[in-house]
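Quick one: structure below, then a few questions.
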2 protein chains.
Amino acid sequence: MNLPPLVQSFVLHFGEMGSRWGINRTVGQIYALLFVSPAPLCAEEIADSLSISRSNVSMSLRELQAWNLVLLKHKPDDRRDFFTTPDDVWQILRTLAEERKKREVDPTLSVLREILMQRPASDAERYAQERMSDMHTLIEQLTHWYEDVKQLETERLATLLSLGAKVTKLLEAKDRVVSLGRSRRPNPANKS
Amino acid sequence: MNLPPLVQSFVLHFGEMGSRWGINRTVGQIYALLFVSPAPLCAEEIADSLSISRSNVSMSLRELQAWNLVLLKHKPDDRRDFFTTPDDVWQILRTLAEERKKREVDPTLSVLREILMQRPASDAERYAQERMSDMHTLIEQLTHWYEDVKQLETERLATLLSLGAKVTKLLEAKDRVVSLGRSRRPNPANKS
DNA sequence: CAGTGATTTCAGAAATTTCTGAAATTACTG
DNA sequence: CAGTAATTTCAGAAATTTCTGAAATCACTG
């Protein structure tokens with residue numbers, strides 16, 4: 001591996017992290033490399049920089065494309081493919097969230113729903129279903145929240161983030177304001 | 001594997017999912033089994049239910065304990081250990097979030113900070129640092145938000161979730177109200 | 001349509017991870 | 001403190017994943 005030392009640390013760390021997620025080491029490294037490269041790279045350059053085989057690069061890029069994590073660029077009069085990542089880190093975050101949801105959350109929800117449809121044949125099964133139902137409810141709540149906030153422009157999302165838990169203060173304030181105007185209505189926020 | 005069919009589907013799915021995260025298949029299966037079991041199980045029972053070796057169970061339980069995902073129980077006059085998961089799915093979610101942060105986010109932040117301290121020795125390194133700085137900023141924002149909302153009681157957290165993007169409506173409303181009272185102050189929410 | 005360079009595919013090699021059974025350890029008990 | 005049951009450890013077997021080099025495919029070009 002023949003990279004500026006500072007880039008190399010980054011690439012190696014993402015390799016490690018890659019294996020801790022489902023992504024493998026090489027895929028993580030390639031992504032990291034593309035992320036910090038000022039210009040798009042072609043497969044050959046990636047293979048050289050990371051000292052891995054050309055075919056490994058090919059397969060790993062395919063994987064990254066399946067995750068929508070890389071962009072394909074072309075230079076005039078050059079028929080090689082060049083690869084980059086999106087510039088906007090928020091966009092990257094959105095893509096990651098979306099893909100992980102698609103691969104992990106959605107299938108889980110569908111398995112849970114499937115099981116919850118079935119008729120329990122014993123007490124053990126009845127209890128198991130209750131537990132799964134709790135899990136299903138929680139995941140659905142999280143998913144709905146996600147589907148909702150992902151629509152927000154980045155600007156607003158960032159504002160919301162920086163507010164953090166302080167939004168609850170706002171909620172309380174709103175409750176008070178609303179109770180002034182209307183007749184008793186303890187917690188209007190509870191409706192879905 | 002000798003389990004009620006409905007439990008078996010669940011266990012198998014979590015096994016699959018396990019491998020997609022860093023967690024391995026057996027660990028995922030054991031967790032799923034404990035999650036839907038009405039009473040705590042001992043290692044032997046787990047090994048039998050999942051048809052895996054006793055030693056594998058031992059190592060996997062150790063792993064789950066390192067993640068704080070299982071509880072140890074004891075029966076009077078029985079010196080075996082019995083295992084369960086917490087009842088509250090919100091609590092489980094909190095633990096998961098906390099552990100993943102500890103293992104994935106924190107180390108990444110610290111690598112990024114480390115690199116950003118260094119002096120770039122070339123244009124390539126300078127550019128790489130800019131990119132890493134963007135990433136660092138984003139992760140810090142997310143982390144701060146997380147540290148903030150994780151303090152909330154579950155009740156409030158759930159309310160916040162169910163509100164979703166509608167909080168921004170509230171923000172706008174607040175802006176209007178505040179502008180009525182005070183002299184011009186366009187976006188008070190922006191301060192960190 | 002032969003020639004060339006880029007890319008992909010894929011069988012098997014290499015590396016890594018997971019799992020097991022046997023042995024060791026721990027923690028009691030009579 | 002010998003005996004016993006539960007548990008852990010760990011070397012190597014088994015399974016899985018990752019990676020490579022050689023061959024095939026693709027997309028042009030003269």
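Below, read A as the first sequence line, B as the second, and so on, with proteins coming before strands; counting in each chain starts at 1. Since we're looking at a predicted model, the values are computed, not measured.
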Item to check | Separation of atom CG in A/Leu64 from atom P in D/dT18, rounded to whole Å | outcome: 13 Å
Checklist entry - In Å, rounded to the nearest 0.5 Å, how long is the span from OG of B/Ser37 to CZ of A/Arg131? => result 9.5 Å
Next on the checklist: Between the side chains of B/Glu98 and B/Arg94, is the shortest nitrogen-to-carboxylate-oxygen separation below 4.0 Å, so that they form an ion pair?
Outcome noted: no
Checklist entry - When you check every protein heavy atom under 4.0 Å of nucleotides 24-30 of chain C, what one-letter string (B, S, -) results, 5' to 3'? => result ---B---
Checklist outcome for this item: Between CG of A/Leu72 and C1' of C/dT8 the distance, given in whole Å, is 14 Å
Next on the checklist: Using every non-hydrogen atom in the two residues, find where A/Thr143 and A/Ile139 come nearest and quote the distance to one decimal.
Outcome noted: OG1-O, 2.6 Å
Next on the checklist: Need to verify one output field. Residue with the more 5' nearest nucleotide on DNA chain C, A/Arg80 or A/Ser19?
Outcome noted: A/Arg80
Item to check | Separation of atom NZ in A/Lys75 from atom P in C/dA6, rounded to whole Å | outcome: 13 Å
Checklist entry - How long is the line joining CG of B/Asp78 and C1' of D/dA5, in whole Å? => result 10 Å
Checklist entry - Do other residues, nucleotides or ligands put more than 12 heavy atoms under 6.0 Å from B/Asp78 CG? => result yes
Strictly under 3.5 Å: I want the nitrogen or oxygen pairs between protein and nucleotides 19-22 of chain D, one per line.
from: D/dC19; atom 1: OP1; to: A/Thr26; atom 2: OG1; distance (Å): 2.8
from: D/dC19; atom 1: OP2; to: A/Thr26; atom 2: OG1; distance (Å): 2.7
from: D/dC19; atom 1: O5'; to: A/Asn56; atom 2: ND2; distance (Å): 3.4
from: D/dT20; atom 1: OP2; to: A/Ser53; atom 2: N; distance (Å): 2.9
from: D/dT20; atom 1: OP2; to: A/Ser53; atom 2: OG; distance (Å): 2.9
from: D/dT20; atom 1: OP2; to: A/Asn56; atom 2: ND2; distance (Å): 3.1
from: D/dG21; atom 1: N7; to: A/Ser55; atom 2: OG; distance (Å): 3.3
from: D/dG21; atom 1: O6; to: A/Ser55; atom 2: OG; distance (Å): 2.8

Item to check | Pairs meeting criterion side chain to side chain donor-acceptor pair (under 3.5 Å) with involvement of residues 38-53 of chain B, two or more places apart | outcome: B/Ser53-B/Ser55
Checklist entry - Which value, rounded to the nearest 0.5 Å, describes the distance between B/Trp21 atom CH2 and B/Leu96 atom CG? => result 6.5 Å
Item to check | Whole-Å distance separating the CG atom of A/Leu41 from the C1' atom of C/dA6 | outcome: 16 Å
Next on the checklist: Can you confirm whether more than 12 heavy atoms, excluding those of A/Lys73, are under 6.0 Å from its NZ atom?
Outcome noted: no
Checklist entry - Between NE2 of B/His13 and OG1 of A/Thr108, what distance do you get to the nearest 0.5 Å? => result 3.0 Å
Next on the checklist: In whole Å, I'd like the distance from the CD atom of B/Glu44 to the P atom of D/dA6.
Outcome noted: 8 Å
Next on the checklist: Rounded to whole Å, how long is the line connecting atom CG of A/Leu50 with atom C1' of D/dT18?
Outcome noted: 15 Å
Item to check | Length of the line joining B/Asp81:CG and D/dT8:P, which is rounded to integer Å | outcome: 7 Å
Checklist entry - Any idea which heavy atoms bring B/Phe83 and B/Leu34 closest together, and the distance? => result O-CD2, 3.5 Å
